[in-house]
Protein chains: 2
Amino acid sequence: MDPTPDALPDDDLDVDAFTTAIESFNRFYIRLPTLEKLSFTTLSVLDTLASAGGPIRLTDLTRTEQVSQPGLTQLVTRLERDGLVERRPDPSDGRAVLVHLTEAGRQVGRSRHADRTRHLAPLIARLSPEQRRAIAGALPALTRLAELGRARPSG
Amino acid sequence: MDPTPDALPDDDLDVDAFTTAIESFNRFYIRLPTLEKLSFTTLSVLDTLASAGGPIRLTDLTRTEQVSQPGLTQLVTRLERDGLVERRPDPSDGRAVLVHLTEAGRQVGRSRHADRTRHLAPLIARLSPEQRRAIAGALPALTRLAELGRARPSG
DNA sequence: TACCTTATATAAATGCACGATATATCCTCT
DNA sequence: AGAGGATATATCGTGCATTTATATAAGGTA
C-alpha cells in the first residue's frame, strides 16, 4: 500500500496531506456553536461585503456567491429588512444597486470572529508550545495562499 | 487602538490572528468550484459518515448535524434514493436504523478531496519553499486542534 | 426613435427544513 | 408475562428560501 510515500523530502509540503488536514480542521471549525441564526448564504454575503471593504453591486455578488440573481435580490431584501445592509443607487449607473453593509451588518461578522476566537482559545491553550509556534509560523503562508486563491478565482 | 499588541512574544500564537487567518483562508477555500450539486447539510452528513468509518444511527446523526430528526429522516431518504447511503436495521435495537455509506457515497467525499487538492496544488506551488515548510510544520498541530475540538464538542 | 443589452425586480413552482404527532420497539417493575 | 413509560424513526402539514421564466427600467448605439 505504501501510505506514506517518502519520495518527498519531509520538509516539503504534501498537498494531499494539507487538504486532509484542512478538511479535518474544518469539520470541527464549521460546527463551532454560533449564536446568530442566519443561513449559510446570508453569512457568506455579509462576509463578502465586509472583506470587500465597500459596497458591491448586486450582480457582482451573484458571481462570488453561488445564488441566482433573483435569489440574491430576495436575500438582500431580507437583509435590508433586518437592517444588516442598505440598498443605494449607483451614481454611475441608474440601473444598478449598490449593496452597503450597515454598522449592524458589520457587527455580525465581528461578533462571529470574537465567538470563534473565544472557542478556539482554550483548545489552543492545550497545544504544546512547539505546536503553537508551528501554527503561528504558518499563518503568513496561509494568508498568502488565500490571496493567491482570490486573485485568480476561476482557474 | 494598538492593533498589533506586542505584549506577546512573537514566537507564540495570537489566537485572534489565528482566527483571522483561518477566516481568510476559508473565505477562499469554501468557494473552491465544485462539481456536485449537493446541499451543505447533505455533504456534511456524507462527510460525517465517511470520517466515522462505519454506520451511524439516525439519532446520533441528529446530534452532530444541526438538523431536526424529521429533517434528517427526509435527508437520508433522499440520499438513499440517490444511492449514496443505505438504511439497515440495527441488530441490537429493533427501533434503530443504521445509516451506511455506500461506495458511491464514499466516492463523493473522495472526489471532493481530489478536487480540492487539484485546485490547491498550483497555488501551493507558488509559495516559497519556506512558506511550504511552515505550512507542513503546522499540519500536525492543526490536526491535533481538530481532535481536541471534536473531543469536547459542546464547550 | 428604434433596438439590443444589462441590471434589478416580480411571480409561480419546487425543495428543504421544522414542529407536532403517529407507530414500533425497548426496558423496567411488579 | 404484561402494563407503562421511554426511545427511535416515520409521516403530515406548514413556512421559508431558492430556482426558472419573465417583466420593468436604464444604458448604449445607430
Side-chain angles (χ1 to χ4, degrees), chain A residues 30-31 33-49 52 54-101 105 108, chain B residues 30-31 33-49 52 54-101 105 108:
Chain A
I30 287 177
R31 288 171 177 71
T34 180
L35 305 165
E36 356 277 341
K37 278 300 169 203
L38 299 171
S39 78
F40 176 78
T41 315
T42 302
L43 290 169
S44 181
V45 167
L46 291 177
D47 184 55
T48 299
L49 284 170
I56 306 185
R57 291 167 63 148
L58 221 150
T59 302
D60 291 340
L61 277 174
T62 62
R63 290 189 239 287
T64 46
E65 314 307 312
Q66 291 209 323
V67 188
S68 68
Q69 177 269 313
L72 192 57
T73 290
Q74 295 204 4
L75 177 52
V76 168
T77 301
R78 281 193 300 274
L79 285 172
E80 199 170 27
R81 166 176 51 80
D82 296 345
L84 302 178
V85 305
E86 264 177 25
R87 260 182 251 245
R88 293 193 208 154
D90 184 341
S92 73
D93 187 337
R95 301 164 297 175
V97 163
L98 288 177
V99 183
H100 287 252
L101 205 54
V108 170
Chain B
I30 287 177
R31 287 171 178 72
T34 179
L35 305 165
E36 356 278 340
K37 278 297 168 208
L38 299 171
S39 78
F40 177 77
T41 315
T42 302
L43 290 169
S44 180
V45 168
L46 292 177
D47 185 55
T48 299
L49 285 169
I56 306 185
R57 290 166 63 150
L58 220 151
T59 301
D60 291 339
L61 277 174
T62 62
R63 290 189 238 289
T64 46
E65 314 307 314
Q66 291 209 322
V67 189
S68 68
Q69 177 269 312
L72 192 56
T73 290
Q74 295 200 0
L75 177 51
V76 168
T77 301
R78 281 193 300 276
L79 286 172
E80 200 171 25
R81 166 176 53 79
D82 296 344
L84 301 178
V85 305
E86 264 179 24
R87 261 183 249 245
R88 294 193 207 156
D90 184 340
S92 74
D93 188 338
R95 302 164 297 175
V97 162
L98 288 177
V99 182
H100 287 253
L101 205 54
V108 170

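Computed from a predicted structure; not experimentally measured. So that the names make sense, note that chain A is the first sequence line, chain B the second, and so on, each numbered from 1.
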Taking the minimum atom-to-atom distance to the side chain of [X], which one of [options] wins?
{"X": "T41(B)", "options": "dA21(D), dT18(D), dA17(C)", "value": "dA17(C)"}
{"X": "R87(A)", "options": "dT8(C), dT18(D), dT9(D)", "value": "dT8(C)"}
{"X": "L58(A)", "options": "dT18(D), dT9(D), dT8(C)", "value": "dT8(C)"}

DNA chain C: 5'-proximal contact among Q74(A) and L98(A) (nearest heavy atom): L98(A)
Nearest-nucleotide 5' precedence on DNA chain D, A96(B) against T42(A): A96(B)
Earlier contact from the 5' end, DNA chain D, for R78(A) and R95(A): R78(A)
Phosphate contact (dT9(D) OP1 or OP2) by T73(B) side-chain N/O below 4.0 Å: no
OP1 or OP2 of dC16(D) under 4.0 Å from side-chain N/O of R81(A): no
Side-chain touch E80(A)/V99(A), heavy atoms, less than 4.5 angstrom: no
Sugar-phosphate, base or nothing in reach of D93(B), heavy atoms under 4.0 Å: sugar-phosphate
Between S39(A) and R78(A), a side-chain donor and acceptor under 3.5 Å: no
Donor-acceptor side-chain pairing of S44(A) and E65(A) below 3.5 angstrom: yes
